[in-house]
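Below is one structure, written out as structure tokens; the observations come after it.
Along the sequence shown, residues are numbered consecutively beginning with 1.
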Amino acid sequence: MRIAFYAPLKPVDHPVPSGDRLVARLLIAALERAGHQVSPAAHLRSWDGAGDTARQARLERLGGWLGRRLVKGIETGRIARPDLWLTYHLYHKAPDWIGPPVAAALGIPYAVVEASVAGKQAAGRWARPHRAVLEALGQASLVIGLNPADAEGVRPYLGAHTDHVTLPPFLDGTPYAEAARDRRRHRLDLARQLRLDPDAPWLVAVGMMRPGDKLVSYQQMGAALALLGDRLWHLLVIGDGAARAEVAAALGPRATLLGALEPAALATVLGAADLAVWPAHNEAFGMALLEAQAAGLPVVAGDVGGVSAIIADGETGMLVPPGDIAGFARAIAGLLEDPARRRAMGEAAAKRAAATHGLDAAARQLDRLLRRLVP
């Protein structure tokens, strides 16, 4: 089928890497693997992080204009008619001003992948976009959740005949598995380049370096690492951003900041490391945690949002209560001191990532769900 795809928070061609952009691209890849034709329907970024009602009004007007132009292009045959509209990541700071009216005008199903509802915003600075999210959910024929923690807030606003289905977060694990198979070579190369001890345990963390939740995660991690005493370890950090200086200060001299890496280089570093660590402060679920497991790494992470849907506590990693700095340090220390358990968890993580969170499995499930709407 022809699918019109829209990501209001961050378009798939946005120049700044992020987990959100990655998931949008993976959705398209899974749909295309299932045999569907996917076209980006719009590139408008509807995100308003400041609660600026004037900006929200401008975005709503622009979205309406773009939608009308799109419908006209389809009706005149200039643009191929889609069978379905699919919007990825719907919430009050990034509503969909385009999809619902276009789907209604064309008489096609409207579907959503990943949505969340923050009830406290109903009368706040995002009141109008919050209402737009509820209206979109009410119109949707299908809502697919990637984060199980969002389901309870979303379901009350769905239509009487709307399905809500949870889809496990997924990725194309091939490059990570390949990097893990060539671990020794990658590790020796990195040790030589970075002047690291290849026999010491290497921790790895992946995250954008921006003020707010990401910086809090880095600061919590730095506080936990400071409690490890004289244990042998080194931390590799992948990511960049405006808060780089604050991140470096929080992590200290035993961290090497590698900056933002292209996917192939990211897979190489993950495949060469021993243990992934991330407090996940206020995370949805964290694609980087899934990438680490696909590379055969156990993960120590904060038990927040949908992280527990990715990490099997005690099997593929360790989950720690949010904000528990001492507990986070104990979990890391336990795995540093038990290499056999660390390796066993890494093997289990790789198997689980391939079986449950692979691109092929997602393609099959997405195809089955969407064909209910468009046989």
query: In this structure, which one of Leu158, Leu86, Val165, Leu84 forms a side chain to side chain contact (heavy atoms under 4.5 Å, CB included) with Leu142?
result: Val165

Whether Ser46 side chain and Pro95 backbone form a donor-acceptor pair below 3.5 Å: yes

query: Would you find a donor on one side and an acceptor on the other, under 3.5 Å apart, between the side chain of Arg187 and the backbone of Pro198?
result: yes

field: Check: Arg131 and Leu134 side chains under 4.5 Å, non-hydrogen atoms
entry: no

message: With a 4.5 Å cut-off on side-chain heavy atoms, are Trp97 and Leu59 touching?
response: yes

message: Does this structure show an ion pair linking Asp274 with Arg183, if we count only N-O contacts that are shorter than 4.0 Å?
response: yes

message: Name the residue from Arg192, His186, Gln193 that meets the side chain to side chain donor-acceptor pair (under 3.5 Å) definition with Asp189.
response: Arg192

field: Audit row: Val23, His89, side chain to side chain contact (heavy atoms under 4.5 Å, CB included) steps and yes/no
entry: CA-CA 10 Å; Val23 174; His89 203 171; over 6 Å; no

task: Treating Ile, Leu, Val, Met, Phe, Trp and Tyr as nodes and any side-chain heavy-atom pair under 4.5 angstrom as an edge, say whether Leu236 and Trp233 lie in one connected cluster.
output: yes

query: Hey, does the side chain of Thr76 reach the backbone of Gly73 with a donor-acceptor pair shorter than 3.5 angstrom?
result: yes

message: Between Lys214 and Glu283, is there a side-chain heavy-atom distance shorter than 4.5 Å?
response: yes

task: Verify the distance criterion only: is there a donor paired with an acceptor across the side chains of Asp172 and Thr174 at less than 3.5 Å?
output: yes

- prompt: Is there a side-chain contact between Leu27 and Val38 (heavy atoms, below 4.5 Å)?
  reply: no

- request: Working to the nearest 0.5 Å, report the span between CG of Leu22 and NZ of Lys10.
  value: 11.0 Å

Arg254: salt bridge (Lys or Arg N to Asp or Glu O under 4.0 Å) partners, not counting sequence neighbours: none

query: Would you say the side chain of Leu167 lies within less than 4.5 Å of the side chain of Leu369, judging by non-hydrogen atoms?
result: no

query: Under 4.5 Å between side-chain heavy atoms, hopping through other hydrophobics if needed: is there a path connecting Ile108 to Val374?
result: no

Distance (rounded to the nearest 0.5 Å) between His14 NE2 and Arg21 CZ: 9.0 Å

message: Does Val299 form a side chain to side chain contact (heavy atoms under 4.5 Å, CB included) with Val307? I'd like the steps, not just the answer.
response: CA-CA 11 Å; Val299 179; Val307 172; over 6 Å; no

query: With a 3.5 Å cut-off and no angle check, do the side chains of His234 and Asp197 form a donor-acceptor pair?
result: no

statement: Rounded to the nearest 0.5 angstrom, the OH-CG distance for Tyr110 and Asp96 is 3.5 Å

- request: Could you tell me which non-hydrogen atom of Phe170 sits nearest to which non-hydrogen atom of Ala362, and how far apart they are?
  value: CG-CB, 3.3 Å

task: Taking all heavy atoms of Ala329 and all of Leu227, pick out the closest pair and write down the distance.
output: CB-CB, 3.8 Å

- request: Determine yes or no for a side-chain-to-main-chain donor-acceptor pair under 3.5 angstrom, with Arg81 supplying the side chain and Ile74 the backbone.
  value: no

query: Are any of the side-chain heavy atoms of Pro201 and Leu275 separated by less than 4.5 Å?
result: no

field: Worked verdict on Leu251 versus Met221 for side chain to side chain contact (heavy atoms under 4.5 Å, CB included)
entry: CA-CA 7 Å; Leu251 298 179; Met221 184 161 57; 4.1 Å; yes

field: From Ile79 atom CD1 to Leu70 atom CG, the distance as rounded to the nearest 0.5 Å
entry: 5.0 Å

Check: Arg341 side chain, Leu335 main-chain N or O, donor-acceptor pair, under 3.5 Å: no

- request: Step by step, work out the salt bridge (Lys or Arg N to Asp or Glu O under 4.0 Å) result for Asp48 and Arg58.
  value: CA-CA 11 Å; Asp48 167 43; Arg58 289 195 300 272; over 6 Å; no

message: I'd like to know if the side chain of Tyr91 pairs up with that of Asp150 as donor and acceptor (distance under 3.5 Å, no hydrogens or angles considered).
response: no

- prompt: So, the side chain of Gln139 versus the backbone of Pro100: is there a donor-acceptor pair under 3.5 Å, distance only?
  reply: yes

query: When Ile, Leu, Val, Met, Phe, Trp and Tyr are grouped by side-chain heavy atoms lying under 4.5 Å apart, directly or through other members, which residues fall in the same group as Leu232?
result: none

query: For the residue pair Trp85 and Ala103, what are the closest heavy atoms and their distance?
result: CB-CB, 4.4 Å

- request: Check whether any side-chain heavy atom of Val206 sits under 4.5 Å from a side-chain heavy atom of Leu270, and report yes or no.
  value: yes

message: On a heavy-atom basis, which atom in Ala349 and which in Leu297 lie closest, and how many Å separate them?
response: CB-O, 3.6 Å

task: Look at the side-chain heavy atoms of Ile, Leu, Val, Met, Phe, Trp and Tyr, link any pair under 4.5 Å apart, and say whether Val204 and Leu266 land in one connected group.
output: yes

query: Shared ILVMFWY cluster between Leu215 and Met208, side chains joined below 4.5 angstrom?
result: no

query: Does a side-chain heavy-atom distance below 4.5 Å link Val237 with Met209?
result: yes

message: Once rounded to the nearest 0.5 Å, what's the spacing between atom CZ of Arg352 and atom CE of Met345?
response: 12.5 Å

field: Partners meeting salt bridge (Lys or Arg N to Asp or Glu O under 4.0 Å) with Arg33 (sequence neighbours left out)
entry: Asp360

- request: Can you see which heavy atom on Pro148 is nearest to which on Thr166, and at what distance?
  value: CG-CG2, 4.3 Å

- request: Any pair with a residue in residues 199-225 that passes ring-ring contact (aromatic ring centres under 6.0 Å, His included), sequence neighbours left out, goes on the list, sorted by first then second residue, please.
  value: Tyr218-Trp278

message: Let me check something: do Ile325 and Ile332 share a hydrophobic cluster, defined by ILVMFWY side-chain heavy atoms less than 4.5 Å apart, either directly or through other members?
response: no

query: Is it true that a side-chain atom of Gln121 and a backbone atom of Pro129 form a donor plus acceptor pair closer than 3.5 Å?
result: no

message: Distance check, rounded to the nearest 0.5 Å: Met287 atom CE versus Leu26 atom CG?
response: 5.0 Å

message: Show me the pairs that pass side chain to side chain donor-acceptor pair (under 3.5 Å) and involve residues 297-323, at least two apart or across chains.
response: Gln293-Thr316

- line: Correct closest heavy-atom pair for Val154 and Ala115 would be CG2-O, 3.3 Å

task: Is it possible for you to check whether Lys93 lies under 6.0 Å from the centre of the six-membered ring of Trp126, through NZ or CZ, and within 45° of that ring's axis?
output: yes

task: Kindly determine whether Arg78 and Lys72 satisfy side chain to side chain contact (heavy atoms under 4.5 Å, CB included), including the steps that lead there.
output: CA-CA 9 Å; Arg78 182 173 54 85; Lys72 183 176 180 180; 5.9 Å; no

field: With sequence neighbours excluded, residues passing salt bridge (Lys or Arg N to Asp or Glu O under 4.0 Å) with Glu337
entry: Arg231

